[in-house]
Amino acid sequence: MIFVTGGAGFIGANFAHHWLSFSTEPVLVLDALTYAGNLESLAALRGDARFGFERVDVCDRDAVAALLARHQPRAVLHFAAESHVDRSIVSPGDFIRTNVHGTFELLNAVRAYWDELQRNMREAFRFLHVSTDEVYGSLRPEDPAFSESTPYAPNSPYAASKAASDHLVRAWHHTYGLPTLTTNCSNNYGPYQFPEKLIPLMIHNALAGKPLPVYGDGQNVRDWLYVEDHCRAIARVLEAGRPGETYNIGGHNEVRNIDVVHTLCDLLDRMRPRADGESYRSQIRFVADRPGHDRRYGIDASKIERELGWTPQETFATGLERTVQWYLDHQDWVDNVTSGAYRQWVTQQYGGDAA
């Protein structure tokens with residue numbers, strides 16, 4: 001069995017689906033079900049004997065320890081995190097609690113469990129920590145992409161909290177010998193993403209006839225990684241990654257934010273045209289930039305490609321079309337997660353009637 005913390009969130013839920021699509025090994029999802037944790041994202045797995053769920057906060061060391069003792073997993077994959085930069089600017093304490101303190105408590109529970117395992121099980125056990133490229137800071141246009149040796153320079157409370165969690169994982173390996181693996185990924189997109197992030201927000205607002213808010217001049221660059229490609233990479237790192245190592249995971253898709261929005265509008269113009277015949281591009285609105293907005297991220301994924309043989313299967317064009325089609329086909333899922341609290345949050349961030 002493997003444990004997946006934060007498995008009702010965007011990437012964790014996609015990983016649970018991916019894992020059970022090819023593996024007979026059971027997965028137990030642990031999730032506190034905060035605003036971004038959604039059991040509906042796991043609905044298709046209900047009734048599968050290989051799937052289990054426990055509502056647990058990773059900050060609750062005793063509860064996690066009890067589950068470890070009961071189920072005896074051979075790996076813990078740590079996805080649980082607060083992940084939205086905008087929210088971290090307004091409420092940084094939530095990010096310190098989950099991302100830093102939660103990782104600390106989880107590491108302690110896992111270390112105590114690992115210490116008690118028989119030798120052969122100790123050697124086979126893995127703790128895989130899922131992190132972000134934002135820990136590396138911001139790149140200039142001429143800078144090389146982030147590699148595993150790029151110095152950390154986080155610029156937002158979210159990025160700082162993830163950097164801290166990365167350092168804790170590294171320390172638990174080097175000090176205690178815990179067999180850890182860390183992955184740092186670029187911007188994910190795909191099914192089940194909460195519509196506060198750029199791509200699902202644009203799709204949601206476009207279809208609702210709302211403004212499409214773009215920060216600043218829209219020239220910020222991100223590397224985009226289709227979530228299923230990310231899940232394949234994580235599974236490969238779990239299988240063959242070297243304990244103590246870090247692996248950067250990217251999609252080879254550096255795109256400006258405004259170009260992402262333009263492409264989404266063009267896809268929707270073709271796949272779900274507006275009734276009045278106008279382009280969704282007419283709904284784009286530039287809004288005040290957020291504080292400390294990093295200009296560019298880029299990922300050098302040559303290490304995982306060279307050592308583990310992983311490469312992304314989706315281009316940005318194919319992955320984005322799959323994503324738009326998924327949201328068009330699952331409007332009920334979107335309607336159920338866009339609660340009143342979510343709408344108030346987007347209005348607060350972007351102003352006016354953006355939500």
If you measure from the Lys or Arg side-chain nitrogens to the Asp or Glu carboxylate oxygens, is any gap between Asp217 and Arg295 under 4.0 Å?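 Salt bridge between Asp217 and Arg295, a charged N being under 4.0 Å from a carboxylate O: yes.
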Set of residues satisfying ring pair (Phe, Tyr, Trp, His ring centres under 6.0 Å) with respect to His129, sequence neighbours excluded: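 Here the qualifying residues are His78.
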Mind checking what makes ring pair (Phe, Tyr, Trp, His ring centres under 6.0 Å) contact with His252, not counting sequence neighbours?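 Partners of His252 under the ring pair (Phe, Tyr, Trp, His ring centres under 6.0 Å) test: none.
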For [X] and [Y], work out which heavy atoms get closest and say how close.
X	Y	answer
Ala109	Arg61	CB-CG, 3.7 Å
Gly250	Ala301	N-CB, 3.9 Å
Pro273	Asp269	CG-O, 3.2 Å

Restricting to pairs with a member in residues 15-31, which pass salt bridge (Lys or Arg N to Asp or Glu O under 4.0 Å), not counting sequence neighbours?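 Of all non-adjacent pairs touching residues 15-31, those that pass salt bridge (Lys or Arg N to Asp or Glu O under 4.0 Å) are Glu25-Arg74.
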Only counting residues at least two apart or in another chain, list the ones meeting salt bridge (Lys or Arg N to Asp or Glu O under 4.0 Å) with [X].
X	value
Arg270	Glu321
Glu116	none
Asp294	none
Glu228	Arg322

Partners passing side chain to side chain contact (heavy atoms under 4.5 Å, CB included) against [X] (at least two apart in sequence or in another chain):
X	value
His262	Ile258, Asp259, Arg281, Ile284
Cys59	Asp57, Arg97, His101
Arg170	His174
Arg140	Glu142, Asp143

Looking at the rings of His84 and Phe194, which for Trp means the six-membered one, are their centres under 6.0 Å apart?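 They do not qualify: ring centres at least 6.0 Å apart.
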Going hydrophobic residue to hydrophobic residue with side-chain gaps under 4.5 angstrom, can you get from [X] over to [Y]?
X	Y	value
Val76	Leu181	no
Trp326	Tyr280	yes
Leu212	Leu267	yes
Leu117	Tyr176	yes

Heavy-atom count around Gln118 CD within 6.0 Å, excluding the residue itself: above 12?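 Open.
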Point-to-point distance, once rounded to the nearest 0.5 Å, from [atom1] of [X] to [atom2] of [Y]:
X	Y	atom1	atom2	value
Leu320	Tyr226	CG	OH	10.0 Å
Leu264	Tyr189	CG	OH	10.0 Å
Tyr113	Phe127	OH	CZ	13.0 Å
Arg296	Gln219	CZ	CD	14.0 Å
Lys210	Arg285	NZ	CZ	12.5 Å
Asn248	Ile299	CG	CD1	4.0 Å

Partners meeting side chain to side chain donor-acceptor pair (under 3.5 Å) with Ser282 (sequence neighbours left out):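 Per chain and number, Ser282 pairs via side chain to side chain donor-acceptor pair (under 3.5 Å) with Arg274.
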Worked check of side-chain hydrogen bond (donor to acceptor under 3.5 Å, both in side chains) between Asp86 and Tyr215: CA-CA 11 Å; Asp86 294 347; Tyr215 276 138; 2.8 Å; yes
Let me see the working for Phe51 and Leu42 under side-chain contact (heavy atoms from CB on, under 4.5 Å), right down to the final yes or no. CA-CA 10 Å; Phe51 171 76; Leu42 299 167; 4.0 Å; yes
Any chance you could lay out the side-chain contact (heavy atoms from CB on, under 4.5 Å) test for Val29 and Phe53, step after step, and finish with the verdict? CA-CA 5 Å; Val29 164; Phe53 174 81; 3.6 Å; yes
Verify side-chain hydrogen bond (donor to acceptor under 3.5 Å, both in side chains) between Asn38 and Asn336, making sure each step is shown before the conclusion. CA-CA 10 Å; Asn38 183 3; Asn336 287 336; over 6 Å; no
Verdict with reasoning, Glu134 to Tyr297, per side-chain hydrogen bond (donor to acceptor under 3.5 Å, both in side chains): CA-CA 8 Å; Glu134 297 194 35; Tyr297 301 150; 3.3 Å; yes
Go through it in stages, so that I can follow the logic: the residues are Trp19 and Leu238, the test is side-chain contact (heavy atoms from CB on, under 4.5 Å), and I'd like the CA-CA distance, side-chain angles, deciding distance and then a yes or no. CA-CA 11 Å; Trp19 185 261; Leu238 179 63; 4.0 Å; yes
I'd like to know whether Trp310 forms a side-chain contact (heavy atoms from CB on, under 4.5 Å) with Asp229, so could you lay out the CA-CA distance, the side-chain angles of the two residues, the decisive distance to 0.1 Å, and finally the verdict. CA-CA 9 Å; Trp310 174 88; Asp229 279 331; 4.1 Å; yes
